[in-house]
Amino acid sequence: MRGPGEVPGAHREAQRCADALVALGRRGDGAGASELGFIGLLIGDDRDVPGFLAGSLGPVADYDERRGTALVRTLEAYFGAGGSLARTAQELHIHVNTVSQRLDRIGRLLGEDWQSPDRALELQLALRLHRLR
C-alpha cells in the first residue's frame, strides 16, 4: 500500500479473499488473491493475468520456450479430447506413446495433482487466457 487512502480497497479485497476461503471449505486458513489461483484472479483488485499464467501454466510454457517443445499444445489437445490419449494423438498427428511421454513430462513440471478436478479447471482457464495473449 502507498497510503491510508488504499486501506478501504485492501480491506474489501481481504474480505473477498476470506469469503472465498470459507466458500472453498478452508475456514481458518489465510491466503491473498494471488494465492487463490483463478479464484483470486476473479476476486482480486489487480487482475494479475500474467501472474496467474506464470503460477499455473508457467513451468510448461517456459519448458516449451527453452526446449522448442509443444507441451502447451499437447495439454490443450488433451483437455479438448476429454482426456482421451487416442483422440489427443489423433489431433496432434503423433503416436499415443508420444502423448503419454509428453503428459508424463507435464506431470513432472506441474506436480502429480495436475489432473485433479480443481487443477484441471485452473489449467484449462490458463490455457484459454494464454491463447489470448
Side-chain angles (χ1 to χ4, degrees):
M1 284 197 317
R2 296 185 189 108
E6 294 186 30
V7 170
H11 181 266
R12 284 190 300 275
E13 183 170 320
Q15 185 61 57
R16 287 193 302 266
C17 288
D19 292 344
L21 286 167
V22 169
L24 293 170
R26 293 175 54 185
R27 184 178 301 274
D29 200 358
S34 65
E35 300 165 296
L36 291 174
F38 73 91
I39 292 171
L41 183 66
L42 298 173
I43 66 171
D45 285 337
D46 290 336
R47 307 283 195 260
D48 182 16
V49 173
F52 169 71
L53 290 173
S56 56
L57 194 58
V60 176
D62 292 346
Y63 188 90
D64 275 354
E65 191 173 312
R66 283 190 321 271
R67 306 266 178 130
T69 56
L71 297 182
V72 169
R73 177 69 187 112
T74 301
L75 204 50
E76 287 177 323
Y78 176 75
F79 284 128
S84 165
L85 297 179
R87 288 197 317 258
T88 302
Q90 189 174 28
E91 169 72 22
L92 298 174
H93 306 289
I94 58 177
H95 195 275
V96 174
N97 290 342
T98 304
V99 173
S100 293
Q101 292 168 359
R102 289 182 183 182
L103 294 177
D104 286 344
R105 171 67 63 192
I106 289 167
R108 285 193 294 277
L109 292 167
L110 297 178
E112 293 179 16
D113 70 334
W114 74 272
Q115 293 183 57
S116 72
D118 289 343
R119 284 287 306 279
L121 176 60
E122 187 168 298
L123 286 168
Q124 289 176 62
L125 176 60
L127 287 165
R128 288 176 187 229
L129 290 171
H130 178 75
R131 196 176 318 136
L132 295 174
R133 293 183 339 151

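What you see below is based on every heavy atom in this structure, not just the backbone, and it leaves out hydrogens, waters and symmetry mates.
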Are [X] and [Y] close enough that some pair of their side-chain heavy atoms sits under 4.5 Å apart?
X	Y	answer
L103	L85	yes
T98	R102	yes
V72	L75	no
R105	Y63	yes

Quick check on the hydrophobic clustering: are L123 and V60 connected, directly or via other members, by side-chain heavy-atom contacts under 4.5 Å? yes

Same cluster (ILVMFWY, side-chain, under 4.5 Å), L121 and L127: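 Different clusters.
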
Look up atom [atom1] in [X] and atom [atom2] in [Y], then write down how far apart they are to the nearest 0.5 Å.
X	Y	atom1	atom2	answer
I106	Y78	CD1	OH	9.5 Å
L53	H130	CG	NE2	7.5 Å
L71	L57	CG	CG	10.0 Å

Qualifying residues under salt bridge (charged side-chain N to carboxylate O under 4.0 Å, His left out), relative to R87, sequence neighbours excluded: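 With sequence neighbours excluded, R87 shows a salt bridge (charged side-chain N to carboxylate O under 4.0 Å, His left out) to no residue whatsoever.
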
Under 30°, 30 to 60°, or over 60°: which ring-plane class applies to F79 and W114, parallel, tilted or perpendicular? perpendicular

Specify the closest pair of heavy atoms between S56 and A126, including all atoms of both residues, with the distance to one decimal.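 Result for this residue pair: OG-CB, 3.3 Å.
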
T88 and T74: which non-hydrogen atoms are nearest, and at how many Å? CG2-O, 4.2 Å

Look at R73 together with E91 and state whether they make a salt bridge at an N to O cut-off of under 4.0 Å.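 Counted as a salt bridge, because a side-chain N and a carboxylate O are separated by less than 4.0 Å.
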
Given 3.5 Å as the limit, does a donor-acceptor pair link the side chain of R131 with the main chain of E76, or not?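 Not a single qualifying donor-acceptor pair exists.
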
